[in-house]
Number of protein chains: 2
Amino acid sequence: MSIKIAIVDDKFVNRNIIKNKLLAYGHFEIVLMAENGSDFLQKMKTLNPKERPDVALIDLEMPELDGVDTIAAATTLYPNIKYVVLTIFDDEDKIFKAIKAGAFGYLLKDENAENIGDMLWQMHESGAGPISPGIAHKILQLIQNNKLTILKKDTVTEKILFELTDRETEILKLLVKGLAYKEIGQELGISPNTAKKHVINVYQKLHVNSRVQALHLAQEKGLL
Amino acid sequence: MSIKIAIVDDKFVNRNIIKNKLLAYGHFEIVLMAENGSDFLQKMKTLNPKERPDVALIDLEMPELDGVDTIAAATTLYPNIKYVVLTIFDDEDKIFKAIKAGAFGYLLKDENAENIGDMLWQMHESGAGPISPGIAHKILQLIQNNKLTILKKDTVTEKILFELTDRETEILKLLVKGLAYKEIGQELGISPNTAKKHVINVYQKLHVNSRVQALHLAQEKGLL
DNA sequence: CTGCAAGTAATCCAAATGGATAATATATTT
DNA sequence: AAATATATTATCCATTTGGATTACTTGCAG
């Protein structure tokens, strides 16, 4: 099974270079090419779930919708795709923003051909996001220089305040992800009517009456 | 010119495995072996500056003086040496502490022989600290989960992801609180129609199409 | 065996939502 | 003066949501 790749870069030459590198490497299949974030999101809409890429290689500086915003939006719309930055920029600010936006990896374009293929393949094998050595090094420096600091997170008190059933908790999780009745039904293999019934039961137990309120509560009380 | 290496590990077998791996790789010369931090510092004193290692590979869990403390002490005594953690531990806490202590790289022992040699050699060539992919990945996760945060006082903190106008940001805040068009209108003293218009504009800028998705994005990327 | 809780499913209906489009006012910029 | 960005209001319309109610099945506790 080959890995389905999307390439998002505003320069035609870049798109082609990357494409050829990956095709030459084998194991990869290019399923989508876009010249900016808007174009990418647009084209994604036209794909049915089976055709969607596994990995999206995204440049940072692009017109219309830049890489960071693209990743931020795309991670909520298509959370299963691995978004990997592929760019020439290696300044702290861009690195940090891209990661916060949800980048799974960060590769520099000056990596040689095999390296990029290797790292993407490695990602697929190990599940670890690919990061160019120079980038990893910069992040270490940030930590050492106290520009990055760790926040102590207190214990996760698993309190079951509201007595949601297993099924209802499951429903709540999907609800929080933004799914409609229809989609929840599909996801769980039940009728959308049933999904709706569950949702409304959840509302009653949480004493809310809308999705956003439910999400708010779930977030605050950490019951997800 | 070969790279002079020190190996600090409490297990005899480990020391030998590493030694043999590196010798087989070539380019490396083992100038010091120690079984814990105290032992390492002790032996370092006996070396004159020309004989000192370029790189010290240090295990973390050791008796007498553990890896973190060893690195912390050694970086002040011999700041020119690159201290690279070589261990089996990959938990956040150890990683973070080691880096803060001054580790220049962090490698996992389960890397295969060539990889460790490669990465050390690469470090020598590029000047970037060697980091195992899995470790880099963990650090990225930490940043993404807001467990690591950037501290900057000098730079203008523009967390203005997506170019929302002031009004739109205001609207988004209310949206996130679960208010309906009507309520948003009341809150801001505008028509519910206007509120709705703003909401839809926000959706378009965020590339989402529902409240929950917008909330999801706002929450994750911290644009509120 | 019986009853109750949980899960499933459907229907009716009012209200809210999202999308598209158009129009006006008010600043600010060029 | 003209162009641009922002904020405001409105209407049409299809879809979705929330709410109430009824009903069937299954598994488990009394």
Taking atom [atom2] of [N] as reference, at what distance in whole Å does atom [atom1] of [X] sit?
X	N	atom1	atom2	value
Y203(A)	dT17(D)	OH	C1'	8 Å
L215(B)	dT17(C)	CG	P	14 Å
D166(B)	dA5(D)	CG	C1'	12 Å
L179(A)	dT15(D)	CG	C1'	17 Å
L174(B)	dT17(C)	CG	C1'	17 Å
N209(A)	dA20(D)	CG	P	10 Å
H198(B)	dG18(C)	NE2	P	16 Å
N201(A)	dA20(D)	CG	P	11 Å

Cationic tip of R15(A) within the cone over F40(A)'s six-membered ring, i.e. under 6.0 Å and within 45° of the normal?
->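 Here R15(A) fails the 6.0 Å and 45° test against F40(A).
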Considering only nitrogen or oxygen atoms on both sides, find all protein atoms under 3.5 Å from nucleotides 12-14 of chain D and state each distance.
none

Sub-4.5 Å side-chain heavy-atom contact between Y106(B) and V84(B) =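 A side-chain contact is absent here, since even the closest heavy-atom pair is not under 4.5 Å.
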Are [X] and [N] close enough that a side-chain N or O sits under 4.0 Å from OP1 or OP2?
X	N	answer
T194(A)	dT8(C)	no
T165(A)	dA5(C)	no
R211(A)	dT16(D)	no
Q204(B)	dA20(C)	yes

Please list, chain by chain and in numerical order, all residues satisfying ring-ring contact (aromatic ring centres under 6.0 Å, His included) with F104(A), sequence neighbours excluded.
->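 H137(B).
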Kindly write out the residues that satisfy ring-ring contact (aromatic ring centres under 6.0 Å, His included) with Y203(B), not counting sequence neighbours, or none if the list is empty.
->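 If we apply the ring-ring contact (aromatic ring centres under 6.0 Å, His included) test to Y203(B), skipping adjacent residues, there are no hits.
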Name of the residue among I5(A), L47(A), I7(A) meeting side chain to side chain contact (heavy atoms under 4.5 Å, CB included) with P53(A) =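 Among the candidates, only L47(A) passes.
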Any residue of residues 181-191 of chain B with a heavy atom less than 4.0 Å from an atom of DNA chain D =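 Only I190(B), S191(B) qualify.
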Looking only at side chains, do D118(A) and Y25(A) share a donor and an acceptor under 3.5 Å apart?
->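 Y25(A) and D118(A) do have a side-chain donor-acceptor pair below 3.5 Å.
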With a 4.0 Å cut-off on heavy atoms, is N193(B) in touch with a base, just the backbone sugar-phosphate, or nothing at all?
->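 N193(B): base contact, heavy atoms under 4.0 Å.
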Identify each donor-acceptor pair in which a side-chain atom of residues 26-39 of chain A lies under 3.5 Å from a protein atom, sequence neighbours left out, and give them as a table.
residue : atom : partner : partner atom : Å
E29(A)  : OE1  : S2(A)   : OG           : 3.1
N36(A)  : OD1  : S38(A)  : N            : 3.0
N36(A)  : OD1  : D39(A)  : N            : 2.8
D39(A)  : OD2  : E35(A)  : N            : 3.0
D39(A)  : OD2  : K43(A)  : NZ           : 3.2

Is the backbone of T165(B) close enough, under 3.5 Å, to the side chain of T169(B) for a donor and an acceptor to pair up by distance?
->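 Side chain of T169(B) to backbone of T165(B): a pair is present.
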I190(B) backbone acceptor or donor facing T194(B) side chain under 3.5 Å |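 No; zero donor-acceptor contacts below 3.5 Å.
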Once you round to the nearest 0.5 Å, how far does CG of L188(A) lie from CD of E170(A)?
->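 Separation between the atoms: 5.0 Å.
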Euclidean distance, N201(B) CG relative to K197(B) NZ, rounded to 0.5 Å =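 The CG atom of N201(B) is 4.0 Å from NZ of K197(B), to the nearest 0.5 Å.
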Polar atom pairs between nucleotides 23-30 of chain D and protein, under 3.5 Å, N or O only, would you list them?
none

Give the intermediate values and the outcome of salt bridge (charged side-chain N to carboxylate O under 4.0 Å, His left out) for residues D59(B) and K11(B).
-> CA-CA 10 Å; D59(B) 190 17; K11(B) 298 282 198 314; over 6 Å; no
